[in-house]
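Treat the numbers as computed from the prediction; the structure is a model and nothing was measured.
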Amino acid sequence: MNGYDISSYQAELNAGIVPSDFVFIKATEGTKYINPTWREQAGQVTQANKLLGFYHFASTGNPIAEADFFISVVKDYIGKVVLVLDFEAGAINAWGNVGARQFLNRVKEKTGINPMIYMSAEVTRQFNWSTISTSNALWVAQYASMSPTGYQSTPWSDGKGYGAWSSAAIHQYSSSGSLANWDGHLDLNLAYINASQWNELAGGSSATEQNNNNSNSELEDDDLMKFTYEIIDAKTGKTQGTVYYYDGNKIVALTDKDQWKIIIEIYKDTTGKDMKHYKWRTDAPWYVRFMQAINQKTVEVAWK
């Protein structure tokens with residue numbers, strides 16, 4: 001997906017008619033500044049059925065106070081837009097990765113949503129981001145040149161990676177973008193996520209939820225497909241004696257009841273849900289049909 005990000009420098013831009021799949025709008029900076037055009041342009045984006053995100057430009061103040069200010073301004077949109085910490089300029093030295101983490105954690109605490117974090121490719125390698133790289137998606141800035149350009153499908157990168165992140169969710173590749181219906185330059189971005197994934201980043205979990213009671217729509221696909229089963233002899237009604245575990249990729253025959261116990265405990269702690277367990281009979285061999293569906297040969301275990 002293609003998109004751009006704007007601030008008060010593009011106050012005259014009509015975000016509804018400049019071509020894009022998504023738009024990021026600067027909402028706040030520090031603990032006092034509010035972009036005077038953010039709400040009007042947000043309305044233009046939503047009326048045009050485009051995806052929307054808001055970012056907070058980190059200043060040098062208290063990270064938690066800045067997070068609270070950001071939330072107080074965009075609160076009406078929480079759960080509907082992607083939230084972003086813009087981590088650059090003075091905040092790099094004033095906050096470091098510790099302050100950035102405090103901001104991100106505060107937003108998560110108050111909204112239930114993990115914000116994205118924006119930074120240059122160089123900064124991804126400047127600090128150790130391993131504590132947030134699995135929870136907070138990366139929006140990275142890396143430019144090949146300052147030459148004017150339209151949208152690009154394969155923007156340049158230096159190939160040095162993004163530190164703790166294996167990949168970026170969004171790549172800002174130009175600040176000299178040229179698009180229809182706007183005479184000035186724009187920051188152009190390529191999203192490596194789709195609209196559904198965007199909405200997942202925007203939705204998070206309810207701000208009132210303080211546990212892991214996720215609905216199915218909030219679980220990852222591989223979590224939804226993890227389950228265990230037993231095989232029941234149709235003639236005797238007895239179990240084969242082995243529990244099988246589908247880990248989202250393949251069927252594994254568990255050799256010990258403790259293995260089963262550990263797996264279901266971890267699943268419950270991680271997702272807040274009980275793992276599904278099935279008892280499939282030999283006269284209705286759904287276990288065979290399922291393994292055919294995942295292109296795996298039947299796991300052969302002797303009857304006890």
Side-chain angles (χ1 to χ4, degrees), residues 4-11 23-39 41-42 52-78 81-143 146 160 162-165 168-176 185-187 189 201-202 204 207:
Y4 53 87
D5 54 277
I6 54 178
S7 66
S8 59
Y9 290 110
Q10 293 84 25
V23 180
F24 282 112
I25 301 174
K26 178 178 180 179
T28 54
E29 179 177 343
T31 56
K32 295 182 179 179
Y33 176 80
I34 301 175
N35 175 9
T37 61
W38 78 271
R39 191 176 290 275
Q41 290 176 320
L52 177 62
F54 293 137
Y55 69 89
H56 172 83
F57 189 91
S59 185
T60 57
N62 181 285
I64 294 177
E66 293 200 20
D68 288 346
F69 178 61
F70 177 48
I71 294 166
S72 70
V73 172
V74 303
K75 61 182 182 299
D76 292 342
Y77 283 86
I78 298 296
V81 302
V82 171
L83 304 177
V84 185
L85 170 62
D86 185 341
F87 183 71
E88 55 180 306
I92 294 175
N93 293 324
W95 287 9
N97 59 339
V98 174
R101 187 167 66 249
Q102 290 175 336
F103 180 101
L104 297 170
N105 289 344
R106 181 64 167 180
V107 174
K108 171 67 173 179
E109 175 189 342
K110 297 197 72 173
T111 69
I113 296 170
N114 279 315
M116 296 186 71
I117 185 167
Y118 166 96
M119 67 183 79
S120 70
E122 180 181 354
V123 175
T124 66
R125 303 186 287 262
Q126 183 177 341
F127 299 99
N128 180 0
W129 297 101
S130 58
T131 56
I132 69 165
S133 60
T134 58
S135 56
N136 300 87
L138 174 65
W139 176 11
V140 71
Q142 189 171 51
Y143 304 165
M146 301 304 291
K160 297 179 180 179
Y162 306 124
W165 285 278
I170 299 175
H171 181 180
Q172 184 188 89
Y173 53 86
S174 177
S175 61
S176 303
H185 286 167
L186 289 169
D187 295 337
N189 302 273
L201 288 174

Please examine the side chains of [Y] and [X], heavy atoms only from C-beta on, and report whether any two atoms are closer than 4.5 Å.
X: Phe87; Y: Trp95; value: yes
X: Glu88; Y: Met119; value: no
X: Ile34; Y: Phe69; value: yes
X: Val23; Y: Ile6; value: yes
X: Val74; Y: Val81; value: no
X: Met116; Y: Val82; value: yes
X: Thr131; Y: Arg101; value: yes
X: Ile78; Y: Asp76; value: no

Worked verdict on Val140 versus Tyr173 for side chain to side chain contact (heavy atoms under 4.5 Å, CB included): CA-CA 8 Å; Val140 71; Tyr173 53 86; over 6 Å; no
Aromatic ring proximity Tyr77/Phe54, centre distance under 6.0 Å: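 Close enough - the centres of the two rings lie under 6.0 Å apart.
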Measure from the ring center of Tyr162 to the ring center of Trp129 and say whether it is less than 6.0 Å.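 Aromatic pair excluded; centres sit 6.0 Å or further apart.
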[X] versus [Y], closest heavy-atom pair with distance:
X: Phe70; Y: Ala27; answer: CE1-CB, 4.1 Å
X: Ala169; Y: Ala137; answer: CB-CB, 4.1 Å
X: Gln142; Y: Ala121; answer: NE2-CB, 3.5 Å
X: Arg125; Y: Gly163; answer: CG-N, 4.0 Å
X: Ser175; Y: Met146; answer: OG-CE, 3.0 Å
X: Ala91; Y: Ala58; answer: CB-CB, 3.5 Å

Looking just at side-chain N and O atoms, do [X] and [Y] make a donor-acceptor pair shorter than 3.5 Å?
X: Tyr33; Y: Ser8; value: yes
X: Gln10; Y: Tyr4; value: no
X: Trp139; Y: Asn189; value: yes
X: Asn128; Y: Asn97; value: no
X: His56; Y: Glu66; value: yes

How far does [atom1] of [X] sit from [atom2] of [Y], to the nearest 0.5 angstrom?
X: Leu83; Y: Lys108; atom1: CG; atom2: NZ; result: 11.5 Å
X: Leu104; Y: Ile113; atom1: CG; atom2: CD1; result: 13.0 Å
X: Ser59; Y: Asp86; atom1: OG; atom2: CG; result: 11.5 Å
X: Ser133; Y: Leu138; atom1: OG; atom2: CG; result: 9.5 Å
X: Ile92; Y: Thr60; atom1: CD1; atom2: OG1; result: 12.5 Å
X: Tyr55; Y: Asn35; atom1: OH; atom2: CG; result: 7.5 Å

Could you walk me through whether Ile170 and Phe24 pass the side chain to side chain contact (heavy atoms under 4.5 Å, CB included) check? CA-CA 11 Å; Ile170 299 175; Phe24 282 112; 3.6 Å; yes
Distance-only, no hydrogens or angles: does the Lys110 side chain make a donor-acceptor pair with backbone N or O of Val107 under 3.5 Å?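 Checked: no pair found.
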Keeping the roles fixed (side chain from Ser120, backbone from Ala141), state whether a donor-acceptor pair exists under 3.5 Å.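 Not at all, since once roles are kept as given, no pair shorter than 3.5 Å links the two residues.
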Reference residue Asn114; test side-chain contact (heavy atoms from CB on, under 4.5 Å); the match among Asn105, Leu201, Asn136, Thr134: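 In the set Asn105, Leu201, Asn136, Thr134, the residue that makes a side-chain contact (heavy atoms from CB on, under 4.5 Å) with Asn114 is Asn136.
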Would the number of heavy atoms belonging to other residues, nucleotides or ligands and lying under 6.0 Å from CD of Glu122 be above 12?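 No, CD of Glu122 has 12 or fewer neighbouring heavy atoms, counting only those of other groups under 6.0 Å.
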With Lys26 as the cation and Phe57 as the aromatic partner, state whether NZ or CZ is under 6.0 Å from the six-membered ring centre and within 45° of the axis.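 Geometry flag: set, cation within 6.0 Å and 45°.
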